[in-house]
Amino acid sequence: MAPYIGAPASRIDGHAKVTGAAKYAGEFTAPDLAHGSVVTSTIAKGRIARIDVSEALSVEGVIAVLTHKNRPPMAGTDRAYRDETAPEVGSPFRPLYDDKVRFSGQPIALVLAEDWETARFAASLVHVQYEEDAHVTDLHQQLHEAKAIDTPPKPRGKADKALAVADVRHEAEYYIPVEHHNPMELFASTVIWDGDGKLTVYDKTQGVQNVQRYVRGVFRMKANDVRVVSPYVGGAFGSGLRPQYQAALAVLAARALQRSVRVVLTRQQMYTLGFRPGSIEHLRLGATADGALDAITHEVSAITSQYEDFARNDTGWSGALYKCANTKYSHKLARLDLATPCDMRAPGAATGVYALECAMDELAVALKIDPLELRIRNYSDRDQNDDLPYTSKQLRECYRQGAEAFGWSRRNAEPRSMRDGSELVGWGMATGVWEALQMKTAARIVLSANGHAEIACATSDIGTGTYTIMAQVAADMLGLPIDDISIKLGDSTLPQSPVEGGSWMAASVSHAIANAADAVRKELLRLAKKAPDSPLAGTKLDDITLADGKIASKRDPNRAVSITDAMRNSGVDRIEQERFSDFKEDSKHARNTHSAVFAEVKIDEQLGVIRVTRVVSAVAAGRILNTRTAHSQIMGGVVWGIGMALHEETLIDHHFGRIMNANIGEYHMPVNADVHDIKVIFVDEPDDIVNPLGIKGVGEIGIVGVAAAIANAVYHATGKRIRDLPITLDKLQR
Ligand code: MOS
């Protein structure tokens, strides 16, 4: 039995998904299910003066209309609404709480009917009068009011002075618009009324226990009275980290009606949740004539809502990545009358590193140095912000292998110098970086005497492949075939898990499983030694291993007892062990994943149509648990990077303060025809410091740097530098 860890194992949930057996939150049902349709505000700011539900109520099949006026009680403290991923500063949104309107598209009523179509029709008959206040939804308009927050890393040296005396300087502003997640699965919650006020909530979420605590808090329910279940998630990318309002509304309705309720958002309403905050990133770089960085300043102004301060690390990457003695940062938030932004794949890094890596390209042009060479000249083996060595950092190897696979050495540095027929050809590159996070997580193993093991953890699998990597790790640790492993996840009653996000789940749950497997091994050895003349008599725990269904001595494989014999002979039919991952505090190392991204664009010279014809992404992310699912993660990130570079932009009509393209027809994203050759390379990166299994996680690293590599390629093709995303053909023609 070859080891499963590291193999390109197929998704163990693949069959269920392609056959439709996998059930998503909006597909669970109950005999008496009521359907809720959300009514949203049409103004961006003000209050609801009057809300007339009589016409909606008169529709046959309508059961009730809930508004802030007639809803059942909800908690009145911010604490109750603050989930584990909420911003620390601010007052979380409370759906249907009061008459205040904080953003256009805010839920203001829930129409409940016997079927979905009736609910949706009746929702169109809810009449609302508003008292409107002046709103502002334009980041540029609110820049002067933006206020600094104190989260960026500490400055070092004297950046302004160093800039003033630098041989070569580059200064520019880069703009990233508001972007939305657009997962395939709509946000949905089906709440099953189990009687006596007990609820089972099937929810689209990245964290069932996070939602469970939220529902308990908001509705003041007992711990055992609410269970949150989410076996499958059809993409979320950060939009499902916080409990979303449809869950609160569905629970509210189930409690009001004392029956089961389902609330599914429309695609348009998906744009009324969080989003990637638009940001303006101001970079200044200074270098010596031979390309040694001596100054970096990175200032960001980003969007938040009027009621919470959402911010992620945009600027810190700039000071961490390259050798540079003088750096400083600032992070400002502009409050707009929009919903609070939220995490979206590689929050902070996708935007901040986009700006940094475009600025590095511009500096390379100014210095007349190859952009890859500039990165290598400023390469750092230590995290420059904290002056710490990395647990591992094979970025140099990413550069080497990526450049070789791409053919970078054949690049002609001169812009507009490379052509393919009527198309200009551009080659660009960028660095990517993300964190290697790990969180306290528990896993339970139940091993049966028939040689089957069930592994349980409350984590979600948001589509990344968590089911599969859990099974791979368990199979190796227990020495069982992967077909004898089953996985239970996405249920708040299972062992403790944080939300699945930040790319931390693979490392976190794997170590919980490994620790639980150690406990199982110990128990099995105890049982195996019980038999008279046991071949394992006298062996120590450290000397035995579980392999091929046996407990065996590492030194002498002939000394072995089968797992089933050990259990059956002792009259034991199940062994159950639950353990936490136990990551050691380590303040002596920086933990990061890295990538080198190379992109080729071909641009029609007359029309400005841009095609991303090739991307090579070389990733160093520690041990890759599953080369197939990890490849998919990186490929997905590259596709998203193409979208970020060329397509994606949430357009707001500032007059109405409303999102104009709240649908996946007009919110452009890459389709199959936009995606060409993507090559993913995993660079070998052994790491016995980051954690015992050397796992760093690969969710977010895939997108970081991609948009910059493409933007840099567009410059190389055309000689035009477009700094505000997305790079559309009209901008190229300006
Ligand atoms: Mo990710 S933005 O942590 O789902």
Side-chain angles (χ1 to χ4, degrees), residues 38 40-41 44-48 66-68 71-110 135 147 149 151 178 180-181 187 189 201 203-221 226 228 236 238-253 255 263 265 269-277 302-312 333-344 347 492 498-499 501-502:
V38 180
T40 57
S41 74
K45 187 176 193 171
R47 60 174 288 272
I48 301 162
L66 294 178
T67 70
H68 66 279
R71 62 163 173 80
M74 294 167 81
T77 63
D78 287 339
R79 218 170 77 102
Y81 294 83
R82 192 165 288 135
D83 71 285
E84 72 183 55
T85 62
E88 279 156 37
V89 179
S91 176
F93 177 64
R94 305 175 187 180
L96 297 200
Y97 190 77
D98 56 24
D99 63 353
K100 261 188 101 161
V101 176
R102 291 162 176 82
F103 57 93
S104 178
Q106 173 181 319
I108 54 172
L110 182 71
H135 64 262
K147 80 170 181 75
I149 55 169
T151 53
V178 170
H180 274 81
H181 308 72
F187 271 90
S189 305
V201 181
D203 189 37
K204 176 197 172 89
T205 178
Q206 293 177 242
V208 284
Q209 291 181 336
N210 190 32
V211 171
Q212 199 265 357
R213 278 188 296 271
Y214 176 87
V215 168
R216 262 166 61 196
V218 168
F219 298 99
R220 304 204 185 292
M221 295 174 72
V226 54
V228 179
S239 62
L241 288 170
R242 298 187 73 178
Q244 292 293 13
Y245 68 71
Q246 90 291 335
L249 293 184
V251 170
L252 190 68
R255 286 164 63 86
V263 177
L265 299 190
Q269 288 167 349
M270 296 284 282
Y271 290 78
T272 63
L273 308 169
F275 50 87
R276 195 193 290 290
I303 291 174
T304 194
S305 67
Q306 299 284 5
Y307 51 93
E308 283 174 306
D309 282 0
F310 176 86
R312 287 292 179 259
L333 291 179
R335 296 183 178 284
L336 299 179
D337 297 299
L338 296 169
T340 305
C342 71
D343 288 307
M344 183 158 132
S492 61
V499 293

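All values derive from a computational prediction rather than experimental measurement.
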S.K.: Output yes when a side-chain donor or acceptor of R276 lies under 3.5 Å from a complementary backbone atom of M344, and no otherwise.
M.R.: yes
S.K.: Could you grab the distance from atom CD of Q306 to atom OG1 of T340, nearest 0.5 Å is fine?
M.R.: 10.0 Å
S.K.: To the nearest 0.5 Å, tell me how far Q106 CD sits from D337 CG.
M.R.: 11.0 Å
S.K.: If I take atom CG from residue D343 and atom OG1 from residue T85, how far apart are they, to the nearest 0.5 angstrom?
M.R.: 7.0 Å
S.K.: Would you say the side chain of F187 lies within less than 4.5 Å of the side chain of M270, judging by non-hydrogen atoms?
M.R.: yes
S.K.: Which heavy atom of R220 sits nearest a heavy atom of G76, and at what distance?
M.R.: NH2-N, 3.9 Å
S.K.: Is it the case that the side chain of H135 and the backbone of K45 share a donor-acceptor pair, with hydrogens and angles ignored and the cut-off at 3.5 Å?
M.R.: no
S.K.: Just to verify, which of T304, L333, V178 counts as forming a side chain to side chain contact (heavy atoms under 4.5 Å, CB included) with P341?
M.R.: T304
S.K.: Indicate yes or no: at least one non-hydrogen side-chain atom of D309 is less than 4.5 angstrom from one of K147.
M.R.: yes
S.K.: Are a donor atom and an acceptor atom from the side chains of Q246 and D203 found within less than 3.5 Å of each other?
M.R.: yes
S.K.: Minimum heavy-atom separation for G217 and A80, please, with both atom names.
M.R.: O-CB, 3.8 Å
S.K.: Does any part of the side chain of L273, heavy atoms only, come nearer than 4.5 Å to the side chain of S239, both counted from C-beta?
M.R.: no
S.K.: Do V263 and Y245 touch side chain to side chain, with heavy atoms closer than 4.5 Å?
M.R.: no
S.K.: Heavy atoms only: give me the nearest E308-P92 pair and the separation to one decimal.
M.R.: OE2-CA, 3.3 Å
S.K.: Quick one: CZ on R94 to NZ on K100, what's the gap to the nearest 0.5 Å?
M.R.: 11.0 Å
S.K.: Does the R71 side chain pair with the main chain of L252, one donor and one acceptor, at a distance under 3.5 Å?
M.R.: no
S.K.: Given 3.5 Å as the limit, does a donor-acceptor pair link the side chain of Q206 with the main chain of G501, or not?
M.R.: no
S.K.: For A109 versus L96, what's the shortest heavy-atom pair and its separation?
M.R.: N-CD2, 3.4 Å
S.K.: Looking only at non-hydrogen atoms, find the nearest pair between R335 and Y307 and report the distance.
M.R.: NH1-N, 4.2 Å
S.K.: Distance check, rounded to the nearest 0.5 Å: Y214 atom OH versus Q244 atom CD?
M.R.: 9.0 Å
S.K.: Under the side-chain hydrogen bond (donor to acceptor under 3.5 Å, both in side chains) criterion, do R216 and Q212 qualify, and how do the steps go?
M.R.: CA-CA 6 Å; R216 262 166 61 196; Q212 199 265 357; 3.1 Å; yes
S.K.: Does NZ or CZ of R242 lie under 6.0 Å from the centre of the six-membered ring of Y81, at an angle within 45° of the ring axis?
M.R.: no
S.K.: What are the two closest non-hydrogen atoms of Q269 and V38, and how far apart are they?
M.R.: NE2-O, 2.9 Å
S.K.: With rounding to the nearest 0.5 Å, note down the distance linking OG1 in T272 to CZ in F103.
M.R.: 6.0 Å
S.K.: Keeping R82 on the side-chain end and T77 on the backbone end, is there a donor-acceptor pair under 3.5 Å?
M.R.: no
S.K.: Any donor and acceptor pair, going by atom type alone, linking the side chain of E84 with main-chain N or O of V499 inside 3.5 Å?
M.R.: yes
S.K.: Does any non-hydrogen side-chain atom of V226 lie less than 4.5 Å from one of V201?
M.R.: yes
S.K.: Are the side chain of T40 and the backbone N or O of P107 linked by a donor-acceptor pair below 3.5 Å?
M.R.: no
S.K.: Within the structure provided, determine whether F219 and M74 are in side-chain contact (heavy-atom separation under 4.5 Å).
M.R.: yes
S.K.: Between D78 and S91, do the side chains contain a donor N or O and an acceptor N or O under 3.5 Å apart?
M.R.: yes
